[in-house]
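Per chain, numbering begins at 1; letters A, B, ... match sequence-line order.
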Amino acid sequence: MRYRLRVPDSALPRLPDAGIDAVIGWFARSARSLPWREDDATPWGILVSEIMLQQTPVVRVLPRWRQWMAQWPTPADLAEAPTAEVLRAWDRLGYPRRALRLQECARAIVREHAGRVPGTQEELRALPGIGEYTAAAVAAFAFGRRAAVADTNIRRVLVRTIAGEQRPAPSYTARERAMTQATLPDETERSVLWNQAVMELGALVCTARSPQCGLCPVRAHCAWDRAGRPEAPADAPRRTQRFEGTDRQMRGRIMAALRSADQVPVPLLLALDPEDPARVRRCLGTLLADGLAMRDGDLVHLPR
DNA sequence: AAGTCGGGGCG
DNA sequence: CGCCCAGACTT
């Protein structure tokens with residue numbers, strides 16, 4: 001892929017500067033006010049918000065984030081908290097392993113970075129629960145650095161405006177990386193504004209289901225709109241009922257039971273699905289393996 | 001590259 | 001009832 005480096009910048013697929021200006025201007029007028037975007041937000045608060053927002057909508061994160069930051073305002077606070085309390089505070093945000101990793105992340109920050117969130121993508125990427133997207137987002141939004149941020153919103157906007165397609169591929173492809181890199185403004189301050197602005201555009205206007213193209217600041221530059229907004233070919237239909245999905249549901253039910261009591265007898269958990277106690281056992285086994293539950297004889301409880 | 005991992009709301 | 005949501009991690 002080294003040959004790509006010889007391609008002149010002007011040939012790379014990118015949104016024109018006029019489009020970038022339009023999106024940034026729209027953001028200045030239309031951005032939601034979110035607490036982790038306020039001036040008083042700390043890098044740790046921004047990091048916490050990014051973890052909570054992984055696969056979880058903003059409206060559901062808001063109340064949890066406020067409570068969380070009031071209870072554990074610094075990495076050191078979360079590092080010292082009882083894990084059971086952490087999991088209860090996570091409540092029903094989903095994917096509770098994120099809560100476990102967030103506490104591990106806090107402990108790593110205390111241990112390896114003297115309690116302060118590191119600012120480079122490389123250091124961030126090395127922390128538990130922080131992947132490519134979150135490392136770039138924290139570097140950009142918490143530290144004002146130039147980073148190629150590519151969440152589901154940004155990917156959708158770029159694929160539509162530049163490639164003229166309705167939705168991005170399931171995985172973040174090399175072609176999409178090229179679009180993200182080529183469009184990212186060279187100047188640092190402008191790159192940070194662009195990342196925030198295009199993400200917000202994807203969340204509010206260029207949405208997955210019913211995009212509000214009539215309100216879109218880059219409609220004039222949008223290849224998808226120009227092409228008549230063609231629909232992507234439908235995915236292959238689900239072969240059977242999603243049976244694995246029910247395992248996730250059962251894990252959620254077990255976690256809910258554990259959050260509601262100090263300890264729960266195994267027979268009580270098995271009663272969660274009288275039709276299929278083997279499934280409950282299997283799910284309990286994966287929760288124990290994940291460190292989300294502990295077993296003490298016949299009693300199950302959250303990790304203390 | 002594909003599977004797994006929650007939970008809720010919307011079309 | 002299927003899809004979507006500021007993804008990460010394992011295999």
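Residue A/Pro128 is classed as a sugar-phosphate contact, given heavy-atom separations below 4.0 Å to backbone atoms only. When heavy atoms are screened at a 4.0 angstrom cut-off, A/Gly131 is found touching the sugar-phosphate backbone but no base atom. Here A/Trp90 lies out of heavy-atom contact (under 4.0 Å) with every strand. Residue contacts shown for A/Ser171 are absent, as no nucleic acid heavy atom lies under 4.0 Å away. Counting non-hydrogen atoms under 4.0 angstrom, A/Ala137 reaches nothing in the nucleic acid.
For C/dC3, the OP1/OP2 oxygens have no side-chain nitrogen or oxygen of A/Arg209 closer than 4.0 Å. In terms of phosphate contacts, A/Thr134 brings no side-chain nitrogen or oxygen within less than 4.0 Å of OP1 or OP2 of C/dG7. In this structure, A/Gln54 does not reach the C/dG7 phosphate: none of its side-chain N or O atoms is under 4.0 Å from OP1 or OP2. Phosphate proximity of C/dC9 to A/Arg98: absent, as no side-chain N or O sits under 4.0 Å from OP1 or OP2.
Under 3.5 Å, the side chains of A/Gln54 and A/Tyr133 contain no donor-acceptor pair of N or O atoms.
As a whole-Å value, the separation of A/Leu53 CG from B/dG6 P is 18 Å. Look at CG on A/Leu272: it is 15 Å from P on B/dG6, rounded to the nearest Å. Rounding to whole angstrom units, CD1 of residue A/Ile130 and P of C/dA6 are separated by 19 Å. Between the CZ atom of A/Arg251 and the C1' atom of B/dG7 there is a distance of 14 Å, rounded to whole Å. Here C/dA8 presents its P atom at 7 Å from CZ of A/Arg125, a figure rounded to the nearest Å. A/Arg156 places its CZ atom 9 Å from the P atom of C/dC4, with the value rounded to the nearest Å. Atoms CE (A/Met52) and C1' (C/dA8) sit 16 Å apart, rounded to a whole Å. The interatomic distance linking A/Gln212 (CD) with B/dG11 (P) rounds to 10 Å, in whole Å.
Comparing C/dA6, B/dC5, C/dC4 by their closest approach to the side chain of A/Arg167 singles out C/dC4. Listed nucleotides: C/dA6, C/dC5, B/dG7. Nearest to the side chain of A/Arg92: B/dG7. In the set B/dG8, C/dA6, B/dC5, B/dG8 carries the atom at the smallest distance from any side-chain atom of A/Arg60.
Around the CD atom of A/Glu187, the shell of radius 6.0 Å holds more than 12 heavy atoms that belong to other residues, nucleotides or ligands. Counted within 6.0 Å of CZ on A/Arg64, heavy atoms from surrounding residues, nucleotides or ligands total more than 12; the atom is thus considered enclosed.
A distance of about 24 Å separates the P atoms of C/dA6 and B/dT4, rounded to the whole Å. Rounded to whole Å, the separation between the P atoms of B/dG3 and C/dC3 comes to 15 Å. Spacing of P atoms, C/dT10 relative to B/dG6, comes out at 15 Å, to the nearest Å.
Here the straight-line distance linking atom CH2 of A/Trp90 with atom CZ of A/Arg97 works out to 12.5 Å at 0.5 Å rounding.
Cluster annotation: A/Val110 and A/Leu78 are assigned to distinct hydrophobic clusters (Ile/Leu/Val/Met/Phe/Trp/Tyr, side-chain heavy-atom contacts under 4.5 Å, transitive).
Here the rule is side-chain hydrogen bond (donor to acceptor under 3.5 Å, both in side chains) with A/Thr83, and of A/Gln103, A/Glu104, A/Arg88 only A/Gln103 fits it.
Projected onto DNA chain C by closest heavy-atom contact, A/Glu50 and A/Gly129 fall at different nucleotides, the more 5' of which corresponds to A/Glu50. Positionally, the nearest nucleotide of DNA chain C for A/Ala203 lies more toward the 5' end than for the other of A/Leu127 and A/Ala203. Both A/Leu93 and A/Ser210 lie near DNA chain B, and the one whose nearest nucleotide falls closer to the 5' end is A/Leu93.
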Let me check something: any side-chain donor-acceptor pairs from residues 250-257 of chain A under 3.5 Å, sequence neighbours excluded? List them with distances.
from	atom 1	to	atom 2	distance (Å)
A/Arg251	NH1	A/Thr286	OG1	2.7
A/Arg251	NH1	A/Asp290	OD2	3.0
A/Arg251	NH2	A/Asp290	OD2	2.8

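With hydrogens and angles ignored, no donor-acceptor pair closer than 3.5 Å exists between the side chain of A/Thr56 and the base of B/dG7.
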